[in-house]
Amino acid sequence: MGSEMTSADLRVSIGPLKLKNPVMTASGTFGYAKEFEPYVNLHHLGAVVVKGISLEPRPGNPPPRIVETSCGMLNAIGLENVGVERFISEKMVSLQEVNVPVIVNILGDTLDDYREIAARLADVKGIAGIEVNISCPNVKKGGVAFGTVPGMAAAVTAAVKESSSVPVIVKLSPNVTDITEIARAVEDGGADGVSLINTLIGMAIDHRSRRPQLANVIGGLSGPAIKPVALRMVYQVAKAVSIPVIGIGGIESTEDVLEFLLAGATAVQIGTANFVNPRASEEAVAGLASYVAEQKLESIREIIGGLIIP
Amino acid sequence: MGSEMTSADLRVSIGPLKLKNPVMTASGTFGYAKEFEPYVNLHHLGAVVVKGISLEPRPGNPPPRIVETSCGMLNAIGLENVGVERFISEKMVSLQEVNVPVIVNILGDTLDDYREIAARLADVKGIAGIEVNISCPNVKKGGVAFGTVPGMAAAVTAAVKESSSVPVIVKLSPNVTDITEIARAVEDGGADGVSLINTLIGMAIDHRSRRPQLANVIGGLSGPAIKPVALRMVYQVAKAVSIPVIGIGGIESTEDVLEFLLAGATAVQIGTANFVNPRASEEAVAGLASYVAEQKLESIREIIGGLIIP
Amino acid sequence: MSQFQEKTQITRIERFTEDILRLTLESPEIASIAKPGQFVMIRTGNSSDPLLRRPFSISQTSNNLHFQVLFKVVGRGTSILAHCREGEFLSVLGPLGNGFTIDCRNRNCLVGGGMGIAPLLFLAKAMLRKCPDTPPIVVLGSRNREELTTLVYDFAELGLSAYTATDDGSLGHHGLVTEVLETLDLGADCTNYVCGPHPMMTAVHLFCKKRNYSCQVSMETSMACGMGACLGCIVPVEKGGYGHACTDGPVFDAKELVWEVK
Amino acid sequence: MSQFQEKTQITRIERFTEDILRLTLESPEIASIAKPGQFVMIRTGNSSDPLLRRPFSISQTSNNLHFQVLFKVVGRGTSILAHCREGEFLSVLGPLGNGFTIDCRNRNCLVGGGMGIAPLLFLAKAMLRKCPDTPPIVVLGSRNREELTTLVYDFAELGLSAYTATDDGSLGHHGLVTEVLETLDLGADCTNYVCGPHPMMTAVHLFCKKRNYSCQVSMETSMACGMGACLGCIVPVEKGGYGHACTDGPVFDAKELVWEVK
Ligand SMILES: Cc1cc2nc3c(=O)[nH]c(=O)nc-3n(C[C@H](O)[C@H](O)[C@H](O)COP(=O)(O)OP(=O)(O)OC[C@H]3O[C@@H](n4cnc5c(N)ncnc54)[C@H](O)[C@@H]3O)c2cc1C
Ligand SMILES: Cc1cc2nc3c(=O)[nH]c(=O)nc-3n(C[C@H](O)[C@H](O)[C@H](O)COP(=O)(O)OP(=O)(O)OC[C@H]3O[C@@H](n4cnc5c(N)ncnc54)[C@H](O)[C@@H]3O)c2cc1C
Ligand SMILES: Cc1cc2nc3c(=O)[nH]c(=O)nc-3n(C[C@H](O)[C@H](O)[C@H](O)COP(=O)(O)O)c2cc1C
Ligand SMILES: Cc1cc2nc3c(=O)[nH]c(=O)nc-3n(C[C@H](O)[C@H](O)[C@H](O)COP(=O)(O)O)c2cc1C
Ligand code: FES
Ligand code: FES
């Protein structure tokens, strides 16, 4: 495995961000990476995306926060996080020790929030990129999510871009009528790449207690259940924009990664699957290496967007 | 079972449409009902919704048209149907023999199409209601789906309502940013009820052949995988409109039906589950009857919208 | 009329090769009305993943009590089935589809490839009963000897000695079943009953067309329901549009279908 | 350090009642490092439905080679587990969590209810090794005699005779474990190690608070990952905010938690 992994050319670029392979871990599903050290050789991964960071610490939502659904799960973590200051002083220190590109997922309630977090992260050592979560409701605009209105999505992107020194990826919400419209807006806003999809909004009910299964009533659906929706959106967005696309949603195996690359993704993120198989990300890297060798490809890049439409 | 079913009060109304129980079968998943006669006592059902009918016959999409996904399936049937004339002269004749309310699902490429189909169905005996599928692309408006633009959705509703003599239900697409906006628009357009959700747009890829698994490339995702999204949308729409809501999406069991009713649905439709368990609809009716008896409810209507938000 | 039987007991499991098995299921309801060429839809697990039933030809019935399915493990559903134990129950829907039309006036020739052999044993039995004077010619193809042995033996028990072809030459002709067909004396009129991989059926169809033989083919398509409700199982037909493999088929007159010949 | 072991063999299955089972799993890696109160995450099937692993306390280890889980069938995951056969393999992640803190200075009292008894056998063994002079008091509660018999016997083998309480009075006290606790002479200082249904733990916590006893409780929450990544497994803590049952727990000092007392 080790030798295959070094011999196969798995390198990809998200704009200026060079990765040794296209496999990242998705925000909120891989902690601050250290949690996975017992299971994964972290420096085998393309990158890790850490849990969403806000300006101030957030306690998150009350329990229950997660519930299993058919081939998926709903979460309403409520963006529990330590805030950008403690993230920098505590979490980044241990992340700097790990030899893997770190992408920081950020979120805010206002444009200024986003701008300020990006600014604070700007000169922190060891940050390879920023991923902007625009699924959050804009508190100044009556709670409409930044990610659902093209103009707002573009504005957030531009704000973060302005105050950032590293590549900026914008993470798109799938809960929209036309995701390509949002993708084009953030491209115009200056994004170096887009990642998709975030979770689909869903709900679960316990008919016995007649109550919602999540304290927050609604939550985000992830896991294999959403893969068909994710693949479709990645395919559409990859055709609509010229910046790189990072595919996310229900990815569990090397085969799933290949499907997203064929659909047009330059890289992927593995989310919920990390909970089921903590080695999923590293196994996918090894699987891609074997694939490149078996198929005698020059590099994994050959198959990106290689879907054949008969 | 038989006695429970008669003693429990399961009656619900979708506007002027009175049903003996809230369990219907979803369009495109129950053929023209006759296919299920070997398995189901059809007149135990609340209603059957037949496959979408267009003005002219349509051959539908080339194969493959269906593919299984995690806890779901994608279909791209392409609305194969015999057209409204043959529907009336052939299919309705056999449907008239079955003692169950028949709801006809209709679809078109233009406002005129919808209006004309509704007009042709207007004096056909045995039609209890019309369900308007507005997920189809409007050919006159550059292919944007009627169901994604409030104004267009309202216009289709009004057009069908105008030329119809029976209650009109409008079936909403989940592939929108804000489904409550569309729901309110069709309510304003005069709909007697809304049904939701239609399928989520998805895609599947065979990484070996590097081709889409559906000849049509994209298709509609249905089955248990989408239930959380459906429940959430039903909950939101039921709060947003005052006409009855019919819940659809991943319903397999009595428990699932109860969840949708609690979320605010007045009735439900069972779709993909009919393929897995052809008796699913009738079993849900029996299950509801037992539930009403066990819980000592006056009627099933007591639990509609009964979700407790702590 | 087709049955929906949620608890059909597996009374016997035969393992022909590592990935080919035959299950015997107890169902007087299904066994007593099934016709050769019909199929059943089997639920392979109890969970929603895999979600859909899987179609399998009825490969034999006995005493109006049992029926058999012969299958190969190709994916998740069949792999779950292969792990079943005797005594367990499966949810079965069937018999479904039209079945073969046995024509006693002609010479009859059964041509099976791989798992396509499954329905032919059932068909052979019915034929021997219906046309006792003209036993069919049987031509079977597969990857290797291992896969064929038991099946050839089963035909032999009916008094039918099958011509065989294998990909590796380990049994019978080393090559294709059509190559075997070319060498046989099938007379001026012959009805062929064909089930197997699509390329094989295409070849047999072309062979029949050349000789003006009639040819019934059993088509495999993706199926969600097996009973005409989902409209997923289409095959393009010559007169335009589509036929539905689960209700108009799975057996079609080859002439009525569109064959893509490269 | 926690292990991820995809093929952990089931070497023994004991069926206590129709819905309570104990599995013995072979894993030197896990058995040799596990501490009482820690748990494992087990994948109950091979499909994506159910998707997530299920948490189970390690209820005993032996010879640094095997460990056991004791569980009750309450839903789909546990029902799949209950259908496993000896010799099969399970994917296991563990040991996870902090475990109990054994305090030899005090009198120790183990209080278990239902499946919460699972970790206490392991704890009792460790305690007897660590504090041989002060064997713990053991109080076990459950629905009925049937559920308790084997467990009481297992404690007896360690030389510990358990006080029991059952809902139906079929074994020991007819009622709650706290009613038993009230009758015992636990001295001025006693550390309680508690695992069981939430209402029981609340009651024991109140009992301990009243007497100023220390109280360690093992909390059950919904868990997706078991290792601090999903942030799903929270319990509200007294100082504000939340603790994470999988990493800060599952064992907490009862004083540090928020108890909703009606
Ligand atoms: C009418 C009919 C009768 C059949 N009779 C038999 C039989 O007697 N014995 C038997 O072994 N098989 C038979 N089949 C095929 C059988 O249904 C498939 O092999 C089975 O559904 C595969 O299920 P799976 O979950 O194991 O594979 P999946 O995981 O669903 O798929 C695995 C692989 O098999 C391919 N595949 C899936 N379904 C089919 C299909 N219908 N045809 C061809 N390839 C497919 C997929 O493309 C994929 O590459 C029949 C099919 C039909 C339509
Ligand atoms: C740290 C920890 C240790 C545990 N140790 C044990 C043990 O040793 N033995 C044992 O039998 N169980 C134990 N449990 C509980 C066990 O994890 C659940 O019973 C199991 O996950 C249920 O899975 P299921 O798929 O069968 O049920 P599901 O289908 O997931 O749920 C069925 C029903 O059980 C309820 N339920 C699900 N999970 C839990 C839970 N964690 N706590 C309470 N109710 C739940 C659901 O609300 C539902 O009503 C432990 C839980 C935790 C968090
Ligand atoms: C428990 C959990 C927490 C998550 N937290 C975040 C987050 O903080 N920020 C974010 O952008 N996405 C978050 N996500 C979304 C994932 O990063 C990912 O986009 C989504 O889960 C779909 O991928 P999957 O199906 O592989 O899980 C979270 C997902 C889960 C399941
Ligand atoms: C094979 C298939 C065909 C369908 N055809 C139609 C149709 O003609 N008109 C329509 O409005 N919905 C159609 N639907 C959507 C269903 O009616 C239903 O809205 C959807 O499948 C979600 O419900 P389910 O998860 O219970 O299947 C079809 C669904 C399937 C699976
Ligand atoms: S398989 Fe559903 S219509 Fe044929
Ligand atoms: S279970 Fe995932 S953080 Fe605790």
Side-chain angles (χ1 to χ4, degrees), chain A residues 67 69-74 144-145 147-149 173-178 200-212 215 217-221 223-236 250 252 254-263 291 303 306-310, chain B residues 67 69-74 144-145 147-149 173-178 200-212 215 217-221 223-236 250 252 254-263 291 303 306-310:
Chain A
V67 57
T69 64
S70 294
C71 293
M73 64 178 279
L74 287 166
V144 175
T148 62
V149 182
S173 161
N175 303 293
V176 295
T177 307
D178 181 2
L200 286 167
I201 306 172
M203 178 172 175
I205 291 174
D206 178 358
H207 74 90
R208 272 170 303 247
S209 68
R210 301 190 185 175
R211 283 161 204 266
V217 184
I218 60 168
L221 183 64
I226 70 169
K227 197 182 81 172
V229 176
L231 259 183
R232 183 264 295 183
M233 291 187 166
V234 164
Y235 173 70
Q236 291 177 323
E252 294 186 305
T254 305
E255 288 71 31
D256 293 335
V257 174
L258 292 172
E259 291 169 23
F260 277 85
L261 297 182
L262 288 166
Y291 179 82
I303 69 155
L307 186 70
I308 302 164
I309 306 288
Chain B
V67 56
T69 63
S70 294
C71 292
M73 64 176 280
L74 287 167
V144 175
T148 62
V149 181
S173 161
N175 303 292
V176 295
T177 307
D178 181 3
L200 287 168
I201 306 172
M203 178 173 174
I205 292 174
D206 178 358
H207 74 89
R208 273 171 300 249
S209 68
R210 301 190 184 175
R211 283 162 204 267
V217 184
I218 61 170
L221 183 64
I226 69 170
K227 197 184 81 172
V229 175
L231 259 183
R232 183 264 297 183
M233 290 187 165
V234 163
Y235 173 69
Q236 292 177 325
E252 294 186 304
T254 306
E255 289 72 30
D256 293 336
V257 174
L258 292 172
E259 291 170 23
F260 277 85
L261 297 181
L262 287 165
Y291 179 82
I303 68 155
L307 188 70
I308 303 163
I309 306 288

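Heavy atoms closer than 4.5 Å to chain B are found in the side chain of A/Ile218, but not in its backbone. In this structure, the portions of A/Val229 lying under 4.5 Å from any heavy atom of chain B include both its backbone and its side chain. Of the atoms belonging to A/Ala263, heavy atoms from both backbone and side chain fall under 4.5 Å from chain B. Proximity to chain B is limited to the side chain of A/Ile303, based on heavy atoms less than 4.5 angstrom apart. Of the two parts of A/Leu74, only the side chain, counted from C-beta on, holds a non-hydrogen atom closer than 4.5 Å to a non-hydrogen atom of chain B.
Contact count against chain A (heavy-atom pairs under 4.5 Å) is highest for B/Pro212 among B/Pro212, B/Ala204, B/Ala215, B/Pro174. Looking only at heavy-atom pairs under 4.5 Å with chain B, the residue among A/Leu258, A/Val234, A/Asn175 that has the most is A/Asn175. Per-residue heavy-atom pair counts under 4.5 Å with chain B were compared for A/Gly219, A/Pro224, A/Gly72, A/Gly250, and the maximum is reached by A/Pro224. Chain B forms more heavy-atom pairs under 4.5 Å with one residue of A/Gly202, A/Ser173, A/Gly306, A/Pro228 than with any other, namely A/Pro228. The most heavy-atom pairs under 4.5 Å with chain A, out of B/Leu261, B/Asp206, B/Ile201, B/Val67, come from B/Ile201.
The CG atom of B/Leu200 lies 6.5 Å from the CG atom of A/Leu200; values are rounded to the nearest 0.5 Å. Of the inter-residue distances, the one linking A/Lys227 atom NZ with B/Leu221 atom CG reads 11.5 Å to the nearest 0.5 angstrom. The distance from atom CD1 of B/Ile205 to atom CZ of A/Arg232, rounded to the nearest 0.5 Å, is 13.0 Å. Taking CD of A/Glu259 as the start and CZ of B/Arg208 as the end, the distance is 9.5 Å to the nearest 0.5 Å. Atoms CD1 and CZ, from B/Ile309 and A/Arg211 in turn, are 9.5 Å apart once rounded to the nearest 0.5 Å. The CD1 atom of B/Ile226 lies 12.0 Å from the OG1 atom of A/Thr69; values are rounded to the nearest 0.5 Å.
The two residues B/Ile308 and A/Ser209 have their closest heavy-atom pair at CD1-O, 3.8 Å. The shortest non-hydrogen separation linking A/Tyr291 to B/His207 is OH-O, 4.4 Å.
Side chain of A/Ser70 to backbone of B/Ala225: no donor-acceptor contact under 3.5 angstrom is found.
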